[in-house]
Amino acid sequence: MPRKQYWLMKSEPYEFSWDDLLASEHQTTPWTGVRNYQARNLMRDDMRVGDGVLFYHSNVKPQVVMGTAKIASAAYPDPTQFDPKSEYHDPKSDPDAPRWLCIDVQADAAFAAPVTRDALKERDDLEGLMLLAKGSRLSVQPVSAEHWKTITRLGRLKVSRKG
DNA sequence: GCCAACGTTGGC
DNA sequence: GCCAACGTTGGC
């Protein structure tokens with residue numbers, strides 16, 4: 001059994017949000033639309049069922065890690081690449097040798113206190129976190145076990161209330 | 001809205 | 001196989 005690994009997956013919430021994931025059947029969704037070879041290769045070669053996922057809202061204010069999810073399937077061909085009506089349609093992908101893959105993602109636990117990007121940046125124990133690297137655009141990123149521990153701890157903190 | 005960083009495309 | 005042009009990502 002390979003050691004459990006950890007990932008961060010970005011989603012623009014107006015495309016697909018954490019709430020959308022919670023509202024999905026079995027709180028599970030196929031992670032379709034990845035059109036980057038490096039991200040595809042991570043899904044194909046490195047992700048394993050049960051791996052941990054930080055669910056991140058990108059391209060919004062504030063950018064925030066909403067909670068944890070799990071990899072719920074091995075990689076399989078992304079059906080949207082063959083759907084002419086999909087914005088992710090790829091006419092150059094051969095059905096006999098699909099170019100793009102997806103995996104299923106299942107919600108695990110919502111953070112009591114969603115962790116903002118700003119909060120991550122303020123810490124001094126997240127050096128090397130790919131999300132914070134300049135110019136990092138990869139939508140599927142590996143996260144070290146140490147960084148996973150730090151971020152999930154932050155997320156589980158009770159929200160402090162004033163008054 | 002701007003723009004730097006990055007990936008992909010296509011001419012040569 | 002190089003690399004300029006182009007399109008996209010995504011923080012700011």
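Throughout, protein chains are lettered first and strands after them, A, B, ... in sequence-line order, and every chain is numbered starting at 1.
Here Trp7(A) and Phe55(A) keep their ring centres 6.0 angstrom or further from each other.
In this model, the phosphate group of dA5(B) is approached by a side-chain N or O of Lys134(A) to a distance below 4.0 Å at OP1 or OP2. Residue Gln38(A) places at least one side-chain N or O closer than 4.0 Å to OP1 or OP2 of dG7(B). At dG11(C), one or more side-chain N or O atoms of Tyr56(A) fall inside 4.0 Å of OP1 or OP2 (strictly under the cut-off).
Nearest to the side-chain atoms of Asn36(A) among the listed nucleotides dG7(B), dC12(C), dG10(C) stands dG7(B). When distances are taken from the side chain of Tyr37(A) to each of dG11(C), dC12(C), dT8(B), the shortest belongs to dT8(B). Side-chain atoms of Arg137(A) lie closest to dA5(B) of the nucleotides dG10(C), dC12(C), dA5(B). Set against dG11(C), dT9(B), dG10(C), the side chain of Lys92(A) has dT9(B) as its closest nucleotide.
The distance between atom CD of Glu87(A) and atom P of dT8(C), rounded to the nearest whole Å, is 11 Å. If you take CG of Leu132(A) and C1' of dT9(C), they are 16 Å apart, rounded to a whole angstrom. Spacing between atom NE2 of His57(A) and atom P of dG11(C) amounts to 12 Å, rounded to whole angstrom units. As rounded to whole Å, 12 Å separates atom C1' of dT9(C) from atom CZ of Arg117(A). Look at CG on Leu138(A): it is 11 Å from C1' on dG7(B), rounded to the nearest Å. Computed from coordinates, the Asp118(A) CG to dG10(C) P distance equals 17 Å when rounded to whole Å. Rounded to an integer number of Å, the gap from Leu120(A) CG to dG11(C) C1' is 14 Å. Atoms CG (Asp90(A)) and C1' (dG7(B)) sit 15 Å apart, rounded to a whole Å.
Within 4.0 Å of Lys61(A), counting heavy atoms only, lies no atom of the nucleic acid at all.
Residues Val115(A) and Tyr56(A) share a single hydrophobic cluster, defined by chaining ILVMFWY side chains whose heavy atoms lie under 4.5 Å apart.
In summary, the side chains of Thr116(A) and Asp118(A) do not present any donor paired with an acceptor at a separation below 3.5 Å, with no hydrogens or angles considered.
The backbone N or O of Ser24(A) lies less than 3.5 Å from no partner atom in the side chain of Thr28(A), so there is not a single donor-acceptor pair.
Between Gln5(A) and Leu42(A), the closest side-chain pair of non-hydrogen atoms is not below 4.5 Å.
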